[in-house]
Amino acid sequence: MKLLTTIAQHAAMTPEKTAFRNGNDTISYGMLWDKSSKMASLIRDSFQLQRQTPIVVYGHMGTDMPVSFLACVKAGYPYIPVDTSIPMERVRLIVEKSGAGLVINTTGVDLDIDNISILHTEALQLDQTEAIEQDYWVKENDVFYIIYTSGSTGNPKGVQVTAANLQSFTDWMTEDFPLGSDKVFMNQAPFSFDLSVMDVYPALQSGGTLHALDKDVISKPKQLFENLGQSGIQIWTSTPSFVQMCFPNPDFDATMLPELETFLFCGEVLPLAVARELKERFPNAKVFNTYGPTEATVAVTSIEVTEGLLSKEEALPVGFPKPDMRIYVVDEVGSLLPEGEKGELVLAGPSVTKGYLGEPQLTEKAFGMIEGLSSYRTGDAGVIKDGMVYCQGRLDYQIKLHGYRMELEDIEFHLNQSDYIESAIIIPHAPNEEIEYLIAAIVPKEHDFAKEYQLTAAIRKDLALRLPAYMIPRKFTYHEAIPMTMNGKADRKKMKEEVFE
Ligand code: AMP
């Protein structure tokens with residue numbers, strides 16, 4: 001596999017170069033390669049798992065995580081990255097559902113999981129171990145990693161990403177984005193979220209250095225900005241919510257991060273206002289909006305957000321498809337819609353993954369074939385105009401209120417346009433199944449109103465210029481911040497709990 005061969009070349013040519021660092025915990029390309037090769041043969045010899053048996057890799061952002069990932073795939077096993085922020089009950093469910101044959105624990109703390117072998121990376125003795133032979137590496141159509149996403153029923157689904165899927169994604173990133181080589185990449189998303197794949201493998205394939213920001217650093221603003229200031233980060237990958245969280249600090253700009261060249265966003269809507277603010281704070285950096293689900297290997301569309309685009313568009317598009325991908329828009333029964341009509345986005349091509357592990361029915365529902373290509377129905381509403389894809393929210397956020405059909409994200413979009421609002425989320429109030437009214441949970445910008453009701457009146461007036469009356473929320477609540485999920489996206493569930501507290 002090209003990705004592995006290329007990492008081996010970096011290890012041979014620049015063995016001392018840092019591949020991954022988290023504070024004082026750092027690892028060079030030479031060590032990363034050597035340790036993972038030895039660990040791979042130890043796994044093969046000690047546990048005798050059948051080829052392609054999944055292995056859970058548990059931990060946060062230490063160097064043993066990338067070492068373990070590479071060790072698994074070099075021995076021919078897919079890994080399941082599980083972050084420490086995932087509750088133990090759910091970890092046990094993932095271990096059980098996936099049929100994992102081994103858990104690699106990188107935390108140094110004992111895990112409360114029964115009936116499975118556990119390998120502690122802390123105690124590993126690899127001095128006498130031989131490196132594994134290349135014959136064992138995962139093959140093109142083998143599964144490389146499995147990422148568990150939350151299913152709508154609360155049952156996590158394991159998306160199986162093959163070596164070929166990952167290679168296709170990594171090549172697109174390194175060839176079509178201005179990432180260059182030898183760059184410092186920020187690694188902010190936990191490994192259990194596929195956004196992390198957007199920095200990890202492009203960085204390793206291009207001989208760059210991953211600079212991890214772990215959850216302790218992120219949770220303390222002073223430490224976070226000190227860390228960023230000393231990081232030398234050149235490529236930034238995060239959700240829009242994460243960068244928005246940095247905005248209250250007026251020093252978060254090109255003076256703090258003078259080497260920053262490229263922002264890559266994925267995972268949720270990139271609001272126009274966020275892109276504009278970034279352009280002001282980082283006038284020389286390029287900003288990319290990318291879109292895609294875990295089921296189609298991280299991202300399948302992209303666009304550079306230029307001044308021209310910002311002045312032309314009301315809502316940012318997610319861009320043009322990755323060259324080897326086709327994107328279609330279909331109606332409720334799956335029939336293709338003509339260009340310009342809104343429907344469900346369907347993705348087809350080599351980024352589409354193998355489906356959900358051990359869930360043939362769920363896989364069949366969402367995955368299929370179109371014109372000889374593997375396809376995936378996203379559940380995202382969207383439209384294509386002149387080849388440009390616009391993602392218009394989840395189909396499942398479409399609601400009916402007093403008979404009117406509307407999309408929560410449509411209202412949120414207009415709220416976010418208001419000069420009084422930093423960010424906002426709409427929460428439907430549905431005490432008995434049916435939605436009675438909408439609540440706008442708002443993080444306000446600084447304002448001069450003495451009373452909240454005056455602010456509400458001003459926002460209502462603003463909204464009335466943009467939305468029909470039936471879409472204007474009945475209630476407005478004010479908050480200091482929008483809570484984030486562990487994946488760094490807006491946490492609607494928690495916001496709802498806060499609103500109803
Ligand atoms: P995940 O599998 O966690 O990455 O979530 C994928 C979903 O996030 C997609 O199906 C979209 O609903 C949403 N998403 C990802 N990127 C974008 C984007 N750039 N704009 C709007 N929604 C996005």
Side-chain angles (χ1 to χ4, degrees), residues 81 83 86 145-152 156-161 165 169 177 188-199 237-244 263-275 278 287-305 309 313-322 325 327 329 342-347 351-353 355-356 362 366-367 375-384 388-398 407-410 412-413 416 423 425 484-492:
D83 189 71
I86 296 176
Y145 67 79
I146 301 165
I147 281 188
Y148 273 80
T149 65
S150 58
S152 50
K157 298 182 286 189
V159 180
Q160 307 176 87
V161 179
N165 294 146
F169 171 72
F177 292 78
Q188 175 270 319
F191 295 118
S192 50
F193 180 28
D194 84 332
L195 185 59
S196 65
V197 174
M198 192 175 258
D199 42 80
T237 306
S238 79
T239 54
S241 286
F242 181 76
V243 86
Q244 240 175 322
F263 285 96
L264 302 171
F265 292 106
C266 193
E268 57 183 358
V269 176
L270 175 61
L272 210 68
V274 171
L278 275 175
V287 175
F288 287 87
N289 188 19
T290 74
Y291 154 85
T294 307
E295 286 85 340
T297 323
V298 193
V300 291
T301 71
S302 80
I303 181 136
E304 185 184 345
V305 182
L309 192 78
E313 298 281 353
E314 266 212 345
L316 286 177
V318 293
F320 297 102
K322 177 170 170 272
M325 288 295 289
I327 302 191
V329 179
K342 185 171 172 176
E344 180 177 5
L345 295 175
V346 178
L347 317 174
S351 291
V352 173
T353 60
Y356 306 116
L362 282 180
F367 291 81
S375 67
Y376 173 68
R377 291 182 68 147
T378 59
D380 289 323
V383 70
I384 302 180
M388 177 92 92
V389 183
Y390 293 76
C391 180
Q392 297 173 322
R394 296 289 305 165
L395 286 167
D396 31 358
Y397 293 155
Q398 188 173 292
E407 267 157 53
L408 299 182
E409 283 153 318
D410 191 10
E412 285 166 5
F413 168 73
N416 278 309
S423 47
I425 279 187
M484 274 197 271
T485 65
M486 51 199 183
N487 290 347
K489 297 194 194 188
D491 190 338
R492 289 167 182 275

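For clarity, every value in this text was computed on a predicted model and none was experimentally measured. Just so you know, ligand 1 is whichever comes first in the structure, and atom 1 is the first atom listed for that ligand.
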Considering only heavy atoms, does Val269 approach ligand 1 within less than 4.0 Å through its side chain, its backbone, both, or neither?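 Both backbone and side chain.
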
At under 4.0 Å between heavy atoms, which part of Asp194 makes contact with ligand 1: side chain, backbone, both or neither? side chain

Between Glu412 and Arg492, does the salt bridge (charged side-chain N to carboxylate O under 4.0 Å, His left out) criterion hold? Intermediate values first, please. CA-CA 12 Å; Glu412 285 166 5; Arg492 289 167 182 275; 2.9 Å; yes

Would you mind reporting whether Met484 and Asp491 have side-chain heavy atoms less than 4.5 Å apart? no

Does Gly393 have a non-hydrogen atom less than 4.0 Å from ligand 1? no

Does even one non-hydrogen atom of Phe265 get within less than 4.0 Å of ligand 1?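 No, Phe265 has no heavy atom closer than 4.0 Å to ligand 1.
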
Show your reasoning for whether side-chain contact (heavy atoms from CB on, under 4.5 Å) applies to Val329 and Lys342. CA-CA 7 Å; Val329 179; Lys342 185 171 172 176; 5.9 Å; no

List every atom of ligand 1 that sits less than 4.0 Å from any heavy atom of [X], numbering the atoms from 1 in the order shown and giving each element.
| X | value |
| --- | --- |
| Phe193 | 3 (O) |
| Gly267 | 8 (O), 13 (C), 14 (N), 15 (C), 16 (N), 17 (C), 23 (C) |
| Val318 | 18 (C), 19 (N), 20 (N) |

For [atom], what is the nearest protein heavy atom, given as residue, atom name and distance?
| atom | answer |
| --- | --- |
| atom 10 (O) of ligand 1 | Asp380 OD2, 2.6 Å |
| atom 2 (O) of ligand 1 | Thr294 OG1, 2.7 Å |
| atom 19 (N) of ligand 1 | Thr290 O, 2.7 Å |

Please determine whether side-chain contact (heavy atoms from CB on, under 4.5 Å) holds for the pair Ile303 and Phe288, giving the CA-CA distance in whole Å, both sets of side-chain angles, and the decisive distance to 0.1 Å. CA-CA 5 Å; Ile303 181 136; Phe288 287 87; over 6 Å; no

Is the shortest side-chain N to carboxylate O distance from Arg377 to Glu344 below 4.0 Å? yes

Would you check the N or O atoms of Thr149, main chain and side chain alike, for any that come under 3.5 Å of an N or O of ligand 1? no

Based purely on interatomic distance, does Asn289 place a nitrogen or oxygen under 3.5 Å from a nitrogen or oxygen of ligand 1?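 For ligand 1, there is an N or O atom that lies under 3.5 Å from one belonging to Asn289.
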
When the ring planes of Tyr356 and Phe367 are compared, do they come out parallel, tilted or perpendicular, using 30° and 60° as the limits?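 Correct class here is perpendicular.
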
Heavy-atom proximity to atom 22 (N) of ligand 1, best of Glu268, Lys489, Arg394, Gln392: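 Ranked by closest heavy atom to atom 22 (N) of ligand 1, first place is Glu268.
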
For Thr237 and Gln188, test the side chains for any donor-to-acceptor distance below 3.5 angstrom and give the result as yes or no.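 Short answer, no.
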
If you measure only the distance, is there a donor-acceptor pair under 3.5 Å linking the side chains of Tyr291 and Asp380? yes

Verdict with reasoning, Val346 to Ile327, per side-chain contact (heavy atoms from CB on, under 4.5 Å): CA-CA 6 Å; Val346 178; Ile327 302 191; over 6 Å; no

